[in-house]
Amino acid sequence: MQEAHPRVRFAPSPTGYLHVGGARTAIFNWLYAKKNNGTFLLRIEDTDKQRSSDEMTQAILDGLTWLGIDWEGEPWSQSAQAERHAQEARRLLEEGKAYYCYLTPEELQQMRADAEAKGEPYWYGRAGLRMPEEERQRREREGYAKTLRFKVPEGETTVEDLVHGTITFEHKEIDDFIVLRSDGSPVYMLSVVVDDHDMGMTHIIRGDDHLSNTPKQVLLYQALGYDVPAFGHVPLILGTDKKRLSKRHGATAVGEYHERGFLPEAVFNYLSLLGFSPGDDREILSRTEMIEAFTPDRLQISSAVFDEQKLLWLNGQYLRMMDAKQLSQALDPFLTKEWKQLDNTYVKDVIGLMSERITTLSEFCDAAAYFVHDPAEYDEKGVRKHWKSPIVDALPELIATLESIEFTDEALESAIRAHAERLDVGAGKVIQPLRLAITGGTASPGMFETMRVLGKETCLRRLRSALKAIPVSDS
RNA sequence: GCACCCAUCGACUAGAGGCCUAGGUCGUCACCCUUUCACGGUGAAAACACGGGUUCGAAUCCCGUUGGGUGUACCA
């Protein structure tokens, strides 16, 4: 029954932007829901009021939307459920599954310090219950702050993890943990469990960092009389130094990739394949194909290094798969003011020439700068290599010819090739100086197309000023 | 420290005992295409962490070592 319509969620805490690791977790959950005809929900874990903010919540929502991940209904707010969580905690107390601990933070800290001094591991070990009854009562009378701790039962808990398989934890390794703080607020461990139950979650797919805490949560599910959902723990994303991916590794926020001109499809594709593989040799999969291919048992169990090189490549692939219209639409937000003022057809022509020469949208304006400005300077190495007599000496002659022809690819090509032939040199010998004069550099799209798009007037003007500006050297 | 997780080319991965002379992709290198740059094409170098078992046979199963990760909070 559960299998038919699974309910899954992504539960970020709004203490930062949408991290690529979080995005990937969201993607896996989303894929699982789509694949199995289930429901994907969002929950904002905003119980840490100090570090949470509405801006961050919005940024996370924006990031998900950008990636094309949609969720059902309004995002669930964890903090809004605090009273409900506390209620459930009190139920644990009534049922004898939790107890009040009157130890002060100072006393706890002392225990820690003592343990460390003796070189022993710190262990709370039900200290709150070991306190003599009269002392407990005295502290209660005197209004000592008290926390509610979960009484971890004896035994062991086995988790059937969707990606890791069977894992057993012995309860003697688990300390009695706090479920209600001394101010009465619920602690994360409790909140997740109650929320996931209330939201009807059937599968919890989340980061590996929650694996060790899973038995505590399972114990809570059982103590509260809830059905225990299925768990799947996906490995974390690492930086190039194999350490957990963080800001110092470069861009980690999804929004940064957006700004840097990556396409959402490419990022989605890349992230999906980081820790998952369809099992065949496909590297480029559409959303639909990804949904079709997705199954948690093909999820990787070891962590993966985030490799921007491959993302870059994928982005280039997606860029080249777009037609002119799609590309110019995607490019639009990345165009500078001067580009936006240009004639639409002209910009489209330029995009057509540049599309396979860029890998991110943000590169475009710089890479195509000479389509807007006459070169202000000329590539030094290019000058040394290509600006020589007798080719350059013969340029005025070529200019004269160009003046009389129509700027089509064909006409330009035959004029320039004929000119080269007259000089008895390969066409490249003529084309390189032309490129230098017209673009200022040594790399550009095909020269005939470039000149056609630039137009006769611009080309001739640039040729004439190059002739004046660059001194000719003998070969 | 203790507990848990993990370990195939530099990176992402395929591999569920013989199909492995370990496959694909990114990156790297070479060559081809070519007016340059890119794209594209062809090819090359490049890995089963180590040590023991189990088995006729192990990248695949078991144990240990080493290495990495996570958890162990009145953070989430």
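These numbers come from a predicted model, not from an experiment. Quick note on labels: first sequence line is chain A, next is B, and so on, each numbered from 1.
One interatomic measurement links the two molecules: CG of A:Leu273 to P of B:A11, which rounds to 17 Å at whole-angstrom precision. Rounded to a whole Å, the CZ atom of A:Arg206 is 11 Å from the C1' atom of B:A76. Regarding A:Tyr122, its OH atom lies at a distance of 11 Å from the C1' atom of B:C74, rounded to whole Å. Atom CG of A:Leu274 and atom C1' of B:A11 are 10 Å apart (whole Å). Rounded to an integer number of Å, the gap from A:His164 NE2 to B:C5 P is 9 Å. Straight-line distance from the CH2 atom of A:Trp313 to the C1' atom of B:G27: 12 Å, rounded to whole Å. Note: CG (A:Asp241) to P (B:G10) measures 17 Å, nearest angstrom. Between the OH atom of A:Tyr17 and the C1' atom of B:A76 there is a distance of 19 Å, given to the nearest Å.
Nucleotide B:C50 forms a Watson-Crick or G-U wobble pair with B:G64, both donor-acceptor distances falling under 3.5 Å. Using N1 to N3 plus N6-O4 or O6-N4 for Watson-Crick, or N1-O2 and O6-N3 for G-U wobble, each under 3.5 Å, B:C9 pairs with nothing. Base-pair partner of B:G18: B:C56 (Watson-Crick or G-U wobble, both distances under 3.5 Å). In this structure B:C2 sits in a base pair with B:G71, meeting the Watson-Crick or G-U test at under 3.5 Å. In a base pair of the Watson-Crick type (N1 to N3 plus N6-O4 or O6-N4) or a G-U wobble (N1-O2 and O6-N3), with each distance short of 3.5 Å, B:A38 is matched with no nucleotide.
Counting atom types as modelled, A:Arg357 pairs a side-chain N or O with a base atom of B:C37 as donor and acceptor under 3.5 Å. Under 3.5 Å, the side chain of A:Ser182 and the base of B:C74 form at least one donor-acceptor pair of N or O atoms. With hydrogens and angles ignored, no donor-acceptor pair under 3.5 angstrom links the side chain of A:Glu120 to the base of B:G1.
Nucleic acid contact class of A:Phe177 (heavy atoms, under 4.0 Å, all strands): none. Counting any heavy atom pair closer than 4.0 Å across all strands shown, A:Ser277 reaches sugar-phosphate atoms only and no base atom. In this structure, A:Lys118 reaches neither bases nor backbone, as no heavy-atom distance under 4.0 Å exists between it and the strands shown. Within the 4.0 angstrom heavy-atom criterion, only backbone atoms of the sugar-phosphate kind lie near A:Arg298; the bases stay farther away. Contacts of A:Lys243 with the nucleic acid, taken as non-hydrogen atoms under 4.0 Å apart, involve only primed sugar atoms and P, OP1 or OP2. Among the protein residues, A:Gly426 comes within range of no part of the nucleic acid, since none of its heavy atoms lies under 4.0 Å from any strand. Residue contacts for A:Ser13: at a heavy-atom cut-off of 4.0 Å it reaches the sugar-phosphate backbone alone, with no base atom in range. Nucleic acid contact class of A:His210 (heavy atoms, under 4.0 Å, all strands): base. Nucleic acid contact for A:Glu170: none, since no nucleic acid atom lies under 4.0 Å from a heavy atom of the residue. Within 4.0 Å (heavy atoms only), A:Phe448 reaches at least one base atom of the nucleic acid. Within the 4.0 angstrom heavy-atom criterion, only backbone atoms of the sugar-phosphate kind lie near A:Thr47; the bases stay farther away. Residue-level contact check: A:Pro445 touches the bases, meaning some heavy atom is under 4.0 Å from a base atom. Among the atoms of the strands shown, none is found under 4.0 Å from any heavy atom of A:Glu449. Counting non-hydrogen atoms under 4.0 angstrom, A:Arg244 reaches the backbone sugars and phosphates but no base.
Looking at A:Lys172 and A:Glu156, no side-chain N of the basic residue comes within less than 4.0 Å of a carboxylate O on the acidic one, giving no salt bridge. Of the charged side-chain nitrogens involved, none lies within less than 4.0 Å of a carboxylate oxygen, so that A:Arg112 and A:Glu116 do not count as a salt-bridged pair. Salt-bridge annotation for A:Glu135 and A:Arg130: absent, with no side-chain N of the basic residue lying under 4.0 Å from a carboxylate O of the acidic one.
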**Message:** Evaluate A:Tyr318 against A:Phe262 for ring-ring contact (aromatic ring centres under 6.0 Å, His included), listing each step before the verdict.
**Reply:** CA-CA 10 Å; A:Tyr318 274 91; A:Phe262 285 85; over 10 Å; no
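Closest approach to the A:Ser212 side chain among B:G10, B:G24, B:U70 is made by B:U70 (side chain taken as heavy atoms from C-beta onward). Across B:C74, B:G27, B:C5, the shortest atom-to-atom separation from the side chain of A:Gln309 is found for B:G27. The side chain of A:Glu173 lies closest to B:A3 when the candidates are B:U36, B:U72, B:A3.
Between A:His233 and A:His164, the two ring planes are tilted [angle within 30° to 60°]. The aromatic rings of A:Phe150 and A:Phe177 sit tilted relative to each other, their planes meeting at an angle between 30° and 60°. Ring planes of A:Phe28 and A:Phe294: parallel class, angle under 30° (limits at 30 and 60°).
With both ends at atom C1', the span from B:C74 to B:U70 equals 22 Å, rounded to whole Å. Comparing the C1' positions of B:A22 and B:U60 gives a spacing of 12 Å, expressed to the nearest Å. Rounded to the nearest Å, the gap between the C1' atom of B:U54 and that of B:U13 is 29 Å. Nucleotides B:C12 and B:A45 have their P atoms positioned 22 Å apart, rounded to a whole Å. Nucleotides B:G17 and B:C75 place their C1' atoms 46 Å apart, quoted to the nearest Å. Taking the P atom of each, B:C6 and B:A44 are spaced 36 Å apart, rounded to whole Å. For the C1' atom pair drawn from B:C26 and B:A58, the interatomic distance equals 30 Å after rounding to whole Å. Taking atom C1' on both nucleotides, B:A7 is separated from B:U34 by 45 Å, rounded to a whole Å.
The shortest distance between the side-chain N/O atoms of A:Lys242 and the OP1/OP2 oxygens of B:A11 is below 4.0 Å. OP1 or OP2 of B:C12 has not a single side-chain nitrogen or oxygen of A:Arg282 nearer than 4.0 Å.
With a 6.0 Å cutoff to the six-membered ring centre and a 45° limit on the axis angle, A:Arg149 counts as a cation-pi contact of A:Tyr124.
Between A:Pro105 and A:Glu413, the residue whose closest nucleotide on RNA chain B is further toward the 5' end is A:Glu413. Comparing A:Gly279 and A:Asp209, the nucleotide of RNA chain B nearest to each residue sits closer to the 5' end for A:Gly279.
Counted by atom type alone, A:Thr166 and A:Asp161 present zero donor-acceptor pairs between their side chains at under 3.5 Å.
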